[in-house]
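What follows is a short report on a single structure.
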Amino acid sequence: MFYHGDSTQLDTLKEICGKNYEREIKKFEEEIFKKVKRVIDFELTLLDGTVFKYRENKGKIIVLNFWRYRM
């Protein structure tokens, strides 16, 4: 499983899922992969300036949070 950024995301998943978190996360992954359709290749520049490339992370769970800044 892939977590971009700090490890608090994994810690949060452990808290939510309990002591059987690995089995629960595996079930989440299986359910997601059943529903996922083909994704086109893409690249994004992250807030820290690094480039995220889908092709380098294919097969992993990727959560995108898009928001728009208004002045």
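For the numbers below, each heavy atom of this structure counts, side chains included, while hydrogens, waters and symmetry mates do not.
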Can you tell me how far the OG1 atom of T12 sits from the OH atom of Y21, to the nearest 0.5 Å?
->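 OH of Y21 is found 12.5 Å from OG1 of T12.
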
How long is the span from the CD1 atom in I40 to the OH atom in Y54, to the nearest 0.5 Å?
->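 Going from the CD1 atom of I40 to the OH atom of Y54 covers 10.5 Å.
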
State which residue, out of E22, E30, R23, fulfils the side chain to side chain contact (heavy atoms under 4.5 Å, CB included) condition with K26.
->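 By the side chain to side chain contact (heavy atoms under 4.5 Å, CB included) criterion, K26 pairs with just one of E22, E30, R23: E30.
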
Side chain proximity check, F52 to I62, heavy atoms < 4.5 angstrom =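 Yes. Closest side-chain heavy atoms under 4.5 Å.
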
Taking 4.0 angstrom as the limit, do K27 and E24 come out as a salt bridge?
->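 So K27 pairs with E24 through a salt bridge.
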
Does D41 have any side-chain hydrogen bond (donor to acceptor under 3.5 Å, both in side chains) partners at least two apart in sequence or in another chain, and if so, which?
->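 Counting only residues at least two positions away or on another chain, D41 forms a side-chain hydrogen bond (donor to acceptor under 3.5 Å, both in side chains) with R55.
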
Is there a chain of hydrophobic side chains (I, L, V, M, F, W, Y, each step under 4.5 Å between heavy atoms) that links V63 to I32?
->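 Looking at the clustering, I32 is in the same group as V63.
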
When clusters are formed by joining ILVMFWY residues with side-chain heavy atoms under 4.5 Å apart, either directly or through shared neighbours, do I16 and I61 land in the same one?
->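 I16 does not cluster with I61.
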
